[in-house]
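Quick notes on the structure that follows.
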Amino acid sequence: MAQQENQIVPVDDEGYVVDTVDCEARELAHRERGTSRPITVVGNPVLHRECKDVTEFGDELAQLIDDMFASQKTAEGVGLAANQIGVDAKVFVYDCPDDDGKRHTGVVVNPKLVELPAAGRVLDDSNEGCLSVPTAYAALARPDYAEVTGQDARGNPIKVRGTGYFARCLQHETDHLYGYLYIDRLSKRDRKDALRQMEENTPRYETVPND
């Protein structure tokens, strides 16, 4: 069933998406219309190349977004890119808290990270994980503030910004859509260790086996 919401995404005085209102109801509405799909894992070709730009903003995209929210919930994730369920399209969804515990829920189509001035970057080297590298975690330095531009589910231009854990999520999911996993940004030793963690443990959700 196609997405039934047809409202314009609200923005604040600076033009950024207001993604902290009615999070539970919005996430549940998407999830109830969606179907959970298995998660692709490192090694699957769709994860290692740039995804295609989205040009059609209709029922097919709406259903994909609903399925992504359902899949994200099943896997207990806070963000999910389309290629993580095998779809070659620049879309990600999120349902993620920031460091203050404020919940952010939304979708970004055709996202691009805004380049921050070097002088304004403060790096956070917290642990990071990924549904496509199940059960593995590693410390990775990323800016503790991020901005993403893109489009909403109707094709309207949007801007999203976040701090702390939510900033990490925005960067992580945008990376996915350009063919990068977080382990690609690790040292060879840390990447090897993350893959070892993955091999030694069992994911708690269904995954797509690599041929």
Side-chain angles (χ1 to χ4, degrees), residues 3 19-44 46-47 51 63-87 89 91-108 111 124-140 142 146 148 153 160 162-177 180-186 190-191 193-210:
Q3 182 179 3
D19 56 8
T20 56
V21 177
D22 296 327
C23 290
E24 185 172 355
R26 290 188 291 111
E27 188 273 340
L28 179 60
H30 281 298
R31 182 159 45 90
E32 289 185 333
R33 293 190 299 264
T35 300
S36 181
R37 307 192 201 179
I39 304 295
T40 55
V41 297
V42 57
N44 188 308
V46 74
L47 294 173
C51 291
Q63 188 61 61
L64 171 62
I65 291 168
D66 291 341
D67 288 355
M68 289 173 68
F69 272 104
S71 303
Q72 174 179 257
K73 182 67 172 183
T74 298
E76 300 178 11
V78 297
L80 188 76
N83 53 356
Q84 290 184 275
I85 55 169
V87 179
V91 186
F92 75 76
V93 302
Y94 59 89
D95 187 22
C96 182
D98 58 28
D99 284 1
D100 295 324
K102 186 173 291 186
R103 183 176 178 180
H104 299 260
T105 303
V107 55
V108 185
D124 170 18
D125 61 356
S126 298
N127 265 10
E128 190 159 329
C130 179
L131 298 178
S132 292
V133 193
T135 74
Y137 298 90
L140 176 63
R142 289 191 189 268
V148 172
V160 183
T163 59
Y165 188 52
F166 181 44
R168 182 175 294 274
C169 176
L170 293 175
Q171 294 168 83
H172 180 111
E173 301 308 331
T174 302
D175 268 358
H176 267 302
L177 301 176
Y180 294 100
L181 297 169
Y182 85 97
I183 60 173
D184 296 328
R185 299 190 178 278
L186 299 175
D190 288 346
R191 176 187 169 91
D193 181 65
L195 293 174
R196 178 191 57 76
Q197 292 178 55
M198 176 179 163
E199 290 174 1
E200 291 179 351
N201 297 286
T202 302
R204 60 186 180 274
Y205 45 83
E206 184 181 1
T207 61
V208 179
N210 294 332

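Put simply, the side chain of V87 reaches to within 4.5 Å of the side chain of R37, judged on heavy atoms. D184 places a side-chain heavy atom less than 4.5 Å from the side chain of R191. C130 is not listed as a side-chain neighbour of I183, based on a closest heavy-atom distance of 4.5 Å or more.
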- Task: Decide yes or no on side chain to side chain contact (heavy atoms under 4.5 Å, CB included) for V108 and T174, but give the supporting numbers first.
- Result: CA-CA 9 Å; V108 185; T174 302; over 6 Å; no
- Could you please spell out the steps behind the side chain to side chain contact (heavy atoms under 4.5 Å, CB included) verdict for I65 and V93? CA-CA 7 Å; I65 291 168; V93 302; 4.1 Å; yes
- Assess whether side chain to side chain contact (heavy atoms under 4.5 Å, CB included) is satisfied between V208 and V41, documenting all intermediate values. CA-CA 7 Å; V208 179; V41 297; over 6 Å; no
- Query: How far apart are the C-alpha atoms of V107 and V91, what are their side-chain angles, what is the distance that settles it, and do they pass the side chain to side chain contact (heavy atoms under 4.5 Å, CB included) test?
  - Reply: CA-CA 7 Å; V107 55; V91 186; 3.9 Å; yes
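H176 and A81 get closest at one heavy-atom pair: CB-CB, 3.5 Å. The nearest pair of heavy atoms linking L181 to S132 is CD2-CB, 4.3 Å. When all heavy atoms of A70 and G34 are compared, the closest pair comes out as CB-C, 3.9 Å. Scanning both residues, T105 and F69, for their nearest heavy atoms gives CG2-CE2, 3.9 Å. Closest approach of C96 to V78, counting heavy atoms only: CB-O, 3.6 Å. A pairwise comparison of heavy atoms in P97 and Y165 identifies O-CD2, 3.4 Å as the closest pair.
Taking CG of L80 as the reference point, atom CD of Q72 lies at 6.0 Å (rounded to 0.5 Å). Note that the CG atom of D193 and the CE atom of M198 stand 13.5 Å from one another [nearest 0.5 Å]. Atoms CG and CD, on L195 and E200 in that order, are 11.0 Å from each other to the nearest 0.5 Å. With values rounded to the nearest 0.5 angstrom, L64 atom CG is found 5.5 Å from I85 atom CD1.
Residues forming a salt bridge (Lys or Arg N to Asp or Glu O under 4.0 Å) with D95 (at least two apart in sequence, or on another chain): R103. Under the rule for a ring-ring contact (aromatic ring centres under 6.0 Å, His included), the partners of Y94 that lie at least two apart in sequence or sit in another chain are F166. Qualifying salt bridge (Lys or Arg N to Asp or Glu O under 4.0 Å) partners for E24, counting only residues two or more places apart in sequence or in other chains: none. The side chain to side chain donor-acceptor pair (under 3.5 Å) check on E27 picks up R31, with sequence neighbours excluded. Under the rule for a side chain to side chain contact (heavy atoms under 4.5 Å, CB included), the partners of R185 that lie at least two apart in sequence or sit in another chain are L140, R142, D175. Remark: S126 engages D124, R168 in a side chain to side chain contact (heavy atoms under 4.5 Å, CB included) (not counting sequence neighbours). For the side chain to side chain donor-acceptor pair (under 3.5 Å) test, residues two or more places apart in sequence or in another chain that qualify with D98 are H104. When the side chain to side chain contact (heavy atoms under 4.5 Å, CB included) test is applied to D190, the partners found at least two apart in sequence or on another chain are L186, S187. Among residues two or more places apart in sequence or in another chain, the side chain to side chain contact (heavy atoms under 4.5 Å, CB included) test is passed with D22 by R26. With sequence neighbours excluded, no residue forms a side chain to side chain donor-acceptor pair (under 3.5 Å) with N201. In this structure, the side chain to side chain donor-acceptor pair (under 3.5 Å) partners of T74, at least two apart in sequence or on a different chain, are S36.
Judged purely by atom type and a 3.5 angstrom limit, T40 uses its side chain to pair as donor or acceptor with the backbone of Q84. In this structure a side-chain-to-backbone donor-acceptor pair under 3.5 Å is missing from S71 to I39. A donor-acceptor pair is defined here as one N or O able to donate and one able to accept, closer than 3.5 Å; such a pair exists between the side chain of D67 and the backbone of T35.
Applying the salt bridge (charged side-chain N to carboxylate O under 4.0 Å, His left out) test to pairs two or more places apart or on separate chains, those with a residue in residues 73-82 are E76-R204.
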